[in-house]
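I have placed the structure first, in the form of structure tokens, so that the comments after it can refer back to it.
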Amino acid sequence: MAKANYSIDLIKQMAVCDANYIRLLKLLPQLAAYLDRSFEDHAPLQAIQQVDTSSEEPEKLLEGVSREFSIADLDGENEKVTVAIKILEAFKYTTTLEIIQKPVFKKWMTNPSMLVRVYHDASTAEVVSYQGHRNLEPRYSQPNPKMYHADEKMQVNQFLGEWLSHCLKVGRSMKAPELINNI
């Protein structure tokens, strides 16, 4: 019996990316500034003091902002497994995030690392690079020279969702959030 060709389920793929956007908003609340344009409220104090806040690109205030979550303790060591989310680029409608897991476990596996593009106007987030593999196609023919699955892009976005859900479920922030006193 012939194997059926993979067909893209665009509705399912968009639902996965939209859910990832919501998860990222929970983990990195600074991204909410793109929804209400309140960059000064979410930017670190040092960034506000160093940058003219009347500039045409206030979203640049959030570049470099990061959060780190402990998701596990290593047995017999005081070291923690952490996931770090960092804003690499910030523009009016898109933000690029780097998400990495530390420390590196070369002995057992390759740690996940990915670049995620967040589209604020569409309220969605998709993986643009995973483990250095960029420009993933929505569908690959089988077999293919890079040995990708037919639905590689969908699998990577689903993995991001599972990873973020794990951070939400068991993650503990590595530092207390900054409180702003508006008195």
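Considering every non-hydrogen atom in both Gly161 and Asn20, the closest pair reads CA-OD1, 2.9 Å. When all heavy atoms are compared, the tightest approach of Leu24 to Ala125 is CD1-CB, 3.8 Å. Nearest heavy atom pair, residue Ala122 against residue Asp18, reads O-OD1, 4.3 Å. Of all the heavy atoms in Leu28 and Ser66, the pair that sits closest is CD1-C, 4.5 Å. Contact between Thr94 and Tyr119 at its shortest, heavy atoms only, is CG2-CD2, 3.5 Å. The shortest non-hydrogen separation linking Gln131 to Ser113 is OE1-N, 2.7 Å.
Note on Phe159 and Leu27: same hydrophobic cluster, where clusters join Ile, Leu, Val, Met, Phe, Trp and Tyr whose side-chain heavy atoms are under 4.5 Å apart, directly or indirectly. There is a path of hydrophobic side-chain contacts, each under 4.5 Å, that joins Ile99 to Val170. Leu160 and Ile22 fall into different hydrophobic clusters, defined by Ile, Leu, Val, Met, Phe, Trp and Tyr side-chain heavy atoms under 4.5 Å apart, directly or through other members. A single hydrophobic cluster is seen to contain both Met114 and Leu25, as judged by linkage of ILVMFWY side chains at heavy-atom distances under 4.5 Å, directly or through other members. In the hydrophobic cluster analysis, where Ile, Leu, Val, Met, Phe, Trp and Tyr join through side-chain heavy atoms closer than 4.5 angstrom, Val116 is grouped together with Trp163.
Rounding to the nearest 0.5 Å places CZ of Arg67 at 13.0 Å from CG of Leu97. Taking CG of Asp151 as the reference point, atom NZ of Lys12 lies at 8.5 Å (rounded to 0.5 Å). Residue Lys26 holds its NZ atom at 13.0 Å from SG of Cys167, rounded to the nearest 0.5 Å. For the atom pair CD1 of Ile87 and CD of Glu98, the computed distance is 12.0 Å after rounding to the nearest 0.5 Å. To the nearest 0.5 angstrom, Asn135 atom CG is 8.5 Å from Ser129 atom OG. Taking SG from Cys17 and CD from Gln158, the interatomic distance works out to 9.5 Å, rounded to the nearest 0.5 Å.
Of the possible polar contacts, none joining the Asn157 side chain to the Gln13 backbone as a donor-acceptor pair under 3.5 Å is found.
Under the ring-ring contact (aromatic ring centres under 6.0 Å, His included) criterion, His166 pairs with no residue, sequence neighbours left out.
Within the 4.5 Å cutoff, no side-chain heavy atoms of Glu68 are placed close to those of Ser173. Within the 4.5 Å cutoff, side-chain heavy atoms of Lys153 are placed close to those of Glu126.
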> Can you list the steps and then say if Leu115 with Arg134 is a side-chain contact (heavy atoms from CB on, under 4.5 Å)?
Replying inline: CA-CA 9 Å; Leu115 294 179; Arg134 300 185 67 84; 3.2 Å; yes

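The residue from Lys86, Glu63, Arg117 that alone fulfils the side-chain hydrogen bond (donor to acceptor under 3.5 Å, both in side chains) condition with Thr96 is Arg117.
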